[in-house]
Amino acid sequence: MQQLERVHLVQFFLFEAQTLELDATTAIIAPNGAGKSALLDALQIVLLGGDRSRIRFNAQAGGSHRARTIRDYCLGVFRSGDEGRKRRTATTYISLVFRDTDTGEVLTAGIALGASVDEPDHRLHGLYLLPGVALDLADHVEQVKGKELPLAWATFREMALRRCKAAGGAPELHTVAERFVKDLLLRLRASPTASPDINAYRKAFLNALNLQRVEDVDLFVRTLVAEDRPTDIARFRALLESFRQIRDRIEQVRQRIEAAEGVERQYDRIATQAVRAASYRALAAEYARDLGTSNNAG
């Protein structure tokens with residue numbers, strides 16, 4: 001099982017540089033406005049590859065149109081106006097450290113973003129998967145003139161390459177959400193033979209963010225977890241007919257095998273009789289020869 005152990009947040013919302021340590025029993029409990037939704041949104045950004053078409057910020061509140069954007073989170077916008085923003089520019093890192101509880105193997109998955117008040121949208125520097133590497137908060141920042149600042153993306157990328165090489169692996173760097181999420185699911189799958197379904201994953205992930213009370217487990221699974229697959233009656237009937245034809249063909253083959261086995265048994269009996277007849281003829285010939293010899297001698 002894969003367990004999320006650490007969440008590193010650098011210049012994300014009101015966090016400058018902070019790590020959240022998690023375990024199997026961790027619960028996030030805090031009053032309104034403390035940042036619970038921001039933490040869930042940080043997880044969304046990574047686990048959905050920063051794909052804005054899939055992300056629903058503030059999902060617990062219904063994902064209203066007034067919810068923050070990725071750019072807002074990078075700049076630390078907590079209310080309208082210049083006074084409601086924590087920073088003018090940002091180099092944002094969100095890194096999630098997973099550990100396989102069976103093997104102990106680790107994986108860091110994350111995203112690097114950039115934003116500025118002078119730009120209308122955020123920038124995606126890159127998405128990264130670092131097998132065998134458990135990044136620390138110190139791997140994301142540096143000290144500059146007594147201040148703790150985020151590493152430049154190019155510097156961070158070089159560090160990630162070195163760390164992966166030292167761990168005997170190779171980093172996977174992406175700029176496309178779809179490819180990143182697929183590779184992430186392959187890395188986190190329960191077994192080497194499992195084939196993750198990215199569409200089912202996205203649906204289950206977003207529905208899980210609603211955190212609504214479950215009254216009917218069966219209904220919850222069918223409507224919110226299971227992938228929609230309407231029954232194709234025509235295809236079902238065609239498959240049923242194919243199975244019937246295969247069944248009939250199997251029965252025909254079985255009957256032919258039984259008939260062939262009957263013929264084989266008859267052949268074996270005839271062959272046995274032929275051997276016996278030949279033996280009798282040989283004995284008769286020997287008897288006739290011996291009888292002729294006796295008569296001549298008399």
Side-chain angles (χ1 to χ4, degrees), residues 1-30 34-50 55 59-60 73-74 91-113 125-142 148 150-151 153 156-157 159-174 177 180-192 194 196 198 201-202 204-206 208-209 211:
M1 181 183 72
Q2 296 287 345
Q3 180 176 310
L4 178 60
E5 285 192 339
R6 274 174 275 168
V7 179
H8 302 301
L9 302 172
V10 177
Q11 288 196 344
F12 179 80
F13 195 39
L14 303 183
F15 303 101
E16 284 300 320
Q18 187 164 340
T19 295
L20 283 74
E21 301 283 350
L22 308 173
D23 61 30
T25 60
T26 297
I28 307 299
I29 302 173
K36 300 187 299 298
S37 294
L39 175 58
L40 287 176
D41 290 345
L43 297 178
Q44 276 197 81
I45 292 173
V46 175
L47 295 176
L48 295 176
I55 293 172
Q60 179 63 18
Y73 271 127
C74 292
T91 299
T92 299
Y93 292 100
I94 309 171
S95 292
L96 311 182
V97 179
F98 296 90
R99 184 179 300 276
D100 189 316
T101 56
D102 296 322
T103 66
E105 295 180 0
V106 293
L107 169 73
T108 297
I111 190 170
L113 303 161
H125 293 314
L127 295 148
Y128 46 91
L129 295 171
L130 311 179
V133 176
L135 290 183
D136 293 320
L137 184 62
D139 295 318
H140 301 75
V141 297
E142 61 181 342
E148 191 174 61
L151 289 176
W153 166 242
F156 178 89
R157 183 176 55 199
M159 176 276 301
L161 291 172
R162 291 195 303 271
R163 291 288 302 275
C164 275
K165 184 177 181 180
E172 297 178 17
L173 304 178
H174 298 276
F180 170 81
V181 174
K182 285 182 179 179
D183 287 348
L184 175 62
L185 293 180
L186 287 173
R187 292 283 183 181
L188 298 181
R189 59 186 169 174
S191 69
I198 188 172
Y201 161 77
R202 286 167 173 159
F205 185 92
L206 293 178
L209 291 174
L211 302 177

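Quantities reported herein were computed from a predicted structural model and do not represent experimental measurements.
For the residue pair Ala177 and Leu48, the shortest heavy atom distance occurs at CB-O, 4.0 Å. Nearest heavy atoms, Pro171 versus Pro131: CA-CD, 4.3 Å. When every heavy atom of Ala109 is checked against every heavy atom of Phe98, the shortest pair comes out as CB-CE1, 4.3 Å. Minimum interatomic distance between Pro196 and Arg189 (heavy atoms only, all atoms of both residues): CG-CB, 4.2 Å. Considering all non-hydrogen atoms of both residues, Tyr73 and Ala38 come closest at OH-CA, 3.6 Å. When every heavy atom of Glu148 is checked against every heavy atom of Ala17, the shortest pair comes out as OE1-CB, 3.6 Å.
Once rounded to the nearest 0.5 Å, the distance linking CE of Met1 with CG of Asp102 reads 8.0 Å. A distance of 9.0 Å separates OG in Ser95 from CG in Asp139, rounded to the nearest 0.5 Å. To the nearest 0.5 Å, atoms OG1 (Thr92) and NE2 (His140) are separated by 11.5 Å. Rounding to the nearest 0.5 Å gives a distance of 10.0 Å between CG of Leu127 and CG of Leu184. Taken to the nearest 0.5 Å, the CG atom of Leu130 stands 7.5 Å off from the CE atom of Met159. Here Leu188 contributes atom CG and Asp183 contributes atom CG; the two are 11.0 Å apart, rounded to the nearest 0.5 Å.
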Exercise. Can Val181 and Tyr201 be said to form a side-chain contact (heavy atoms from CB on, under 4.5 Å), step by step?
Worked result: CA-CA 10 Å; Val181 174; Tyr201 161 77; 3.8 Å; yes
For this session: Start with the C-alpha distance between Phe205 and Gln44, add both sets of side-chain angles, then the distance that settles side-chain contact (heavy atoms from CB on, under 4.5 Å), and finish with yes or no.
Result: CA-CA 9 Å; Phe205 185 92; Gln44 276 197 81; 3.6 Å; yes
Less than 3.5 Å apart, which donor and acceptor atoms pair up between the side chains of residues 3-12 and the rest of the protein, not counting sequence neighbours?
residue, atom, partner, partner atom, Å
Glu5, OE1, Arg99, NE, 3.2
Glu5, OE2, Arg99, NE, 2.8
Arg6, NH1, Leu135, O, 3.3
Arg6, NH1, Asp136, OD1, 2.7
His8, ND1, Thr19, OG1, 2.7
His8, NE2, Leu135, O, 2.6
Gln11, OE1, Thr91, N, 2.8

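The side-chain heavy atoms of Leu96 and Leu47, taken from C-beta on, include a pair separated by under 4.5 Å.
Shown here are the ring-ring contact (aromatic ring centres under 6.0 Å, His included) partners of Phe15, two or more places apart in sequence or in another chain: there are none.
In this structure, Lys36 places its NZ atom where more than 12 heavy-atom neighbours from other residues, nucleotides or ligands lie under 6.0 Å away.
Looking at Tyr93, its side chain does come within 3.5 Å of a backbone N or O of Leu151 through a donor-acceptor pair.
Ring planes of Trp153 and Phe156: parallel class, angle under 30° (limits at 30 and 60°).
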